[in-house]
Asker: 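I have a structure I would like to understand better, so I am pasting it below and will then ask my questions one at a time.
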Amino acid sequence: MTNLEALIKKCVSQSHIKQFHAHLVATGKFQFCSSRTKLIELCALASDKDVVIARAMLGQTRWPVTNDWNAVIRGLANSPEPTEAITLYCTMKRKLHRPDALTCSFVLKACARGLASIEGMQIHSQCARYGFLGDMLLRTTLLDVYAKAGVLDYAQRLFDEMPVRDVAMWNALIIGQAQGGEPNEAISLFRRMRSEEMRTRLKPNEVTVIGALSACSQLGAFTEGEKVFEFIRSENLDLNIQVSNVVIDMFAKCGRVERAYEVFSKMRCQKSLVSWNTMIMAFAMHGCAIKALELFGKMDEEDIFPDEVSYLSVLCACNHAGLVEDGVRLFNTMAKKGVKPNIKHYGSVVDLLGRAGRLHEALEIISSMHTDPDIVLWQTMLGASKTYGNIEMAEIASGKLKEMGSKACGDFVLLSNIYAARERWDDVGRVREAMKSKDVRKIPGFSYIDVGGIMHKFVNGDYNHPSWEEIYRKLDEIRFKIREYGYVAETNFVLHDIGEEDKENALCHHSEKLAVAFGLISTPEGTSIQVIKNLRICGDCHAMIKLIAKIYNREIIVRDRSRFHKFKDGECSCRDYW
DNA sequence: CTAGGGTTAG
């Protein structure tokens, strides 16, 4: 028996599956031989190609046992097409074969990987009927299904209902919250895990800190991120590739590129492609294009082949520093290096050309694409058209956006502002009307600032902060000083995500301005003020904050979706064309 | 040892 199993193992490892399979069939052993199950099992887990063979073998089996089904479902769940596992599970049930707890675990994993929350719910209720829900591992997978699909309240409920929890359960929820747009929740859950450490006897492990750190990255929560890093060191957690990578990303997104590079260069384990990409992106975000390009060149020396993310990162670097020629060159060479440009690369290069005012070339690039342009690409074009006041181009872009059914308020606002700049008030009114009649999606803009280790959140036009009175007083002061210094900053305000009626107060309403004002109040002179914003910073805010930095002689750093804007002495670190 | 949790992106 063990000899036979060893033989099967050898066959699978040497890709002699077909021959062995043929041998079993020829000798008539396939339908009866218990080693068939072993063969299917090993085959299903060997590689993505072999799963197909395993599935075919299952199809030829006259009386499959549960383990035959389980092996193939498990293999498919781990394959690039996890939803196939769900299909097979349905086949199994149709053939009236009763699944066991293992089957359900595997198919739930497939739901988690395939973000299939509806199917997950159905299997959830089936598990309840079969009485499988007492199974800790199955419950964790179920929790992960909901967490990954963003149904966080269900995930939370499963978590709360558990009388006893293990580390993986905490991890599944923390990571789910971190990835599901609730980074604050993730951090507080991590804190709770640590405070209950004595009672539960559970310590955060490498996986937990990955979740916590990725939440810190999103929030730009440097104080908290550094605490987690300290925890890693004090607990002697393994700084493996994945942990190191997420630490690099955290430092970078919290505004400490030097610290990120320090971790990158001192990594004890072998750097992975992700490490390189993360670091290049870190330099790109901080406007250090030369360093990003250098690092990109160094990959070659270390025999690491750049992938699509590497190219995107380095394109981003060129973009943020205004290195138009370098960017275009890189974009043109990537296909030759065997990396197929995807929609994000096109987006980057269109943005690059658009910001340089080369709108026609940008449009040419779009029409040369082999994939269909998406909404973001036309939004980029619209943004560039606004920057250069090109109405013809703006109409092309907004026409496409209309066709594609974009409901983002920013698109309408941008177009109306382009008309407003040319004083075409009829067109402005028309766009504003269209905005009212449709169900336009308002994307809330919000900003964070880390003061004393607490992340203070501001939304546009926010009066909810405990110190709002002081903040608005500060904003009045800023306004006054701007006039006093003779700067013209209050003209042509873009009314992102706020109504017409707020036009008068537009100056005070952007969330990042509120956060900056709070920073001025609550942090000592000589320190830098760092704000994180969820949307792209607009031209007016950019100009405004540049002025504030100059007037108050402070360093102000604003991170928007993809980059850091460092304002100092009336200058900005990154090249923009507003 | 065998089923669950893991990083980069316009």
Side-chain angles (χ1 to χ4, degrees), chain A residues 41 45 67 70-71 73-74 77-78 100-109 112-113 132 135-145 147-148 155 158-159 165-176 178-179 204-215 217 238-250 252-253 260 264 271-282 284-285 306-316 319-320 327 331 341-352 354-355 373-381 383 536 560-563:
Chain A
E41 235 173 65
L45 290 176
N67 280 348
N70 286 359
I73 291 175
R74 181 186 177 194
N78 292 322
D100 65 5
L102 264 182
T103 324
C104 292
S105 278
F106 295 142
V107 76
L108 281 171
K109 178 160 188 191
R113 296 221 314 135
F132 294 156
D135 194 314
M136 171 91 91
L137 282 87
L138 188 145
R139 275 186 88 109
T140 308
T141 317
L142 190 54
L143 194 158
D144 191 43
V145 172
K148 277 213 174 65
L158 273 170
F159 182 86
R165 290 180 276 258
D166 68 0
V167 185
M169 253 194 146
W170 285 88
N171 291 351
L173 188 56
I174 290 175
I175 286 161
Q179 313 287 34
N205 64 9
E206 284 79 5
V207 183
T208 328
V209 294
I210 285 175
L213 285 171
S214 99
S217 307
D238 183 18
L239 266 174
N240 61 32
I241 310 185
Q242 281 157 297
V243 175
S244 304
N245 291 347
V246 79
V247 169
I248 294 170
D249 186 53
M250 183 277 290
K253 296 233 170 89
F264 176 81
K271 293 181 189 73
S272 68
L273 183 56
V274 176
S275 324
W276 290 85
N277 291 349
T278 309
M279 197 60 229
I280 295 173
M281 201 57 195
M285 289 183 80
D307 69 347
E308 25 183 30
V309 183
S310 322
Y311 273 99
L312 190 62
S313 309
V314 82
L315 277 175
C316 241
N319 207 335
H320 296 178
F331 179 75
N342 64 32
I343 194 99
K344 293 187 179 182
H345 298 97
Y346 284 106
S348 190
V349 80
V350 164
D351 195 31
L352 183 69
R355 280 172 189 276
D374 65 354
I375 286 189
V376 184
L377 208 49
W378 288 117
Q379 286 172 337
T380 308
M381 274 306 283
R536 251 185 74 170
D560 67 8
R561 284 190 69 78
S562 61
R563 65 170 103 181

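Note that this is a predicted model, so its numbers are computed, not measured.
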Asker: Using the rule side chain to side chain contact (heavy atoms under 4.5 Å, CB included), only one of A:I241, A:L213, A:V274 pairs with A:V246; which is it?
Answerer: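 For A:V246, the side chain to side chain contact (heavy atoms under 4.5 Å, CB included) check succeeds only for A:L213.
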Asker: When you get a sec, tell me which of B:dG10, B:dT8, B:dG4 is the closest nucleotide to the side chain of A:L312?
Answerer: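 The answer is B:dG10.
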Asker: Given B:dG6, B:dG4, B:dG10, identify the nucleotide with an atom nearest to the side chain of A:L377.
Answerer: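 The answer is B:dG10.
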Asker: Taking side chain as C-beta onward, heavy atoms only, is A:D238 less than 4.5 Å from A:V243?
Answerer: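 No, their side chains stay 4.5 Å or more apart.
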Asker: Who passes ring pair (Phe, Tyr, Trp, His ring centres under 6.0 Å) against A:F106, sequence neighbours left out?
Answerer: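 Listed in chain order: nothing, the list is empty.
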Asker: Nearest of B:dG4, B:dG10, B:dG6 to any side-chain atom of A:K344?
Answerer: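 Out of B:dG4, B:dG10, B:dG6, the nucleotide with an atom closest to A:K344's side chain is B:dG10.
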Asker: When you measure from the side chain of A:V309, which nucleotide among B:dA9, B:dG10, B:dG4 comes out closest?
Answerer: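 Among B:dA9, B:dG10, B:dG4, the one nearest the side chain of A:V309 is B:dA9.
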Asker: Nearest to the A:L137 side chain among B:dT7, B:dG4, B:dG10, which nucleotide is it?
Answerer: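 Per side-chain heavy atoms of A:L137, the pick is B:dG4.
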Asker: Would you mind telling me which of B:dT7, B:dG4, B:dG6 lies closest to the side-chain atoms of A:V243?
Answerer: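 Closest nucleotide to the A:V243 side chain: B:dG6.
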Asker: Starting at CG of A:N78 and ending at C1' of B:dG6, how long is that distance when rounded to a whole Å?
Answerer: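 After rounding, the gap between these two atoms is 14 Å.
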Asker: Rounded to the Å, how far apart are A:R113 CZ and B:dG4 C1'?
Answerer: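 After rounding, the gap between these two atoms is 14 Å.
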Asker: Let's see if you can work this out: which of B:dG4, B:dG10, B:dT8 has an atom nearest to the side-chain heavy atoms of A:T278?
Answerer: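 Minimum distance to the A:T278 side chain belongs to B:dT8.
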Asker: When all nucleic acid strands are considered with a 4.0 Å heavy-atom cut-off, which category describes A:L315: base, sugar-phosphate, or nothing?
Answerer: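 Touches nothing.
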Asker: Would you tell me if any nitrogen or oxygen in the side chain of A:K271 comes within less than 4.0 Å of OP1 or OP2 on B:dT8?
Answerer: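 So the side-chain polar atoms of A:K271 never come under 4.0 Å of the phosphate oxygens OP1 or OP2 of B:dT8.
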Asker: Are A:Q179 and B:dG6 close enough that a side-chain N or O sits under 4.0 Å from OP1 or OP2?
Answerer: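 No, no such contact exists.
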Asker: Mind checking A:T141 for me? I need base, sugar-phosphate or nothing, with any heavy atom below 4.0 Å counting as a touch.
Answerer: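 It contacts sugar-phosphate atoms only.
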Asker: At under 4.0 Å between heavy atoms, what does A:N240 touch on the DNA or RNA strands: base, sugar-phosphate, or nothing?
Answerer: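 Touches a base.
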Asker: With the side chain of A:I210 defined as its heavy atoms from C-beta on, choose the nearest nucleotide among B:dT8, B:dG10, B:dT7.
Answerer: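 Closest nucleotide to the A:I210 side chain: B:dT7.
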Asker: Need one value for A:I175: base, sugar-phosphate or nothing, where a base atom within 4.0 Å counts as base even if backbone is also close, heavy atoms only.
Answerer: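 Since only primed, P, OP1 and OP2 atoms lie under 4.0 Å of A:I175, the category is sugar-phosphate.
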Asker: Name all residues meeting the ring pair (Phe, Tyr, Trp, His ring centres under 6.0 Å) criterion together with A:W378; count only those two or more places apart in sequence or in a different chain, and write none if there are none.
Answerer: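 A:W378 satisfies ring pair (Phe, Tyr, Trp, His ring centres under 6.0 Å) with no residue once adjacent residues are dropped.
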Asker: Please tell me if A:K253 has a side-chain N or O lying less than 4.0 Å from either OP1 or OP2 of B:dA9.
Answerer: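 It does, given that an N or O in the side chain of A:K253 lies less than 4.0 Å from OP1 or OP2 of B:dA9.
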Asker: Under 4.0 angstrom, heavy atoms only, what part of the nucleic acid is A:V350 near: base, sugar-phosphate, or nothing?
Answerer: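 A:V350: no heavy atom of the nucleic acid under 4.0 Å.
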Asker: Please state how far atom CE in A:M250 lies from atom C1' in B:dG6, giving the value in whole angstrom units.
Answerer: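 Rounded to whole Å, this separation is 16 Å.
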Asker: Can you check the A:W170 CH2 to B:dG6 C1' distance for me, whole Å?
Answerer: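 Taking atom C1' of B:dG6 as the reference, CH2 of A:W170 is at 18 Å.
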Asker: On the nucleotide B:dG4, are OP1 or OP2 found under 4.0 Å from the side-chain N or O atoms that A:K109 carries?
Answerer: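 Yes, such a contact exists.
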Asker: Would A:D135 and A:R139 count as a salt bridge (charged side-chain N to carboxylate O under 4.0 Å, His left out) here? Give the steps.
Answerer: CA-CA 6 Å; A:D135 194 314; A:R139 275 186 88 109; over 6 Å; no
Asker: In whole Å, I'd like the distance from the CE atom of A:M281 to the C1' atom of B:dG10.
Answerer: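 The distance from CE of A:M281 to C1' of B:dG10 comes to 8 Å, rounded to the nearest Å.
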Asker: For A:D166, which contact category applies under a 4.0 Å heavy-atom criterion: base, sugar-phosphate, or nothing?
Answerer: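 Contact class for A:D166: base.
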Asker: Do A:D374 side-chain and B:dG10 base share a donor-acceptor contact under 3.5 Å?
Answerer: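 Yes, the side chain and the base share a sub-3.5 Å donor-acceptor pair.
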Asker: Which nucleotide in the list B:dT8, B:dG4, B:dG10 gets nearest to the side chain of A:T140?
Answerer: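 Nearest to the side-chain atoms of A:T140, counting from C-beta on, is B:dG4.
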Asker: Do the side chains of A:V167 and A:V207 get nearer than 4.5 Å, heavy atoms only?
Answerer: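 The answer is no; the side chains never approach within 4.5 Å.
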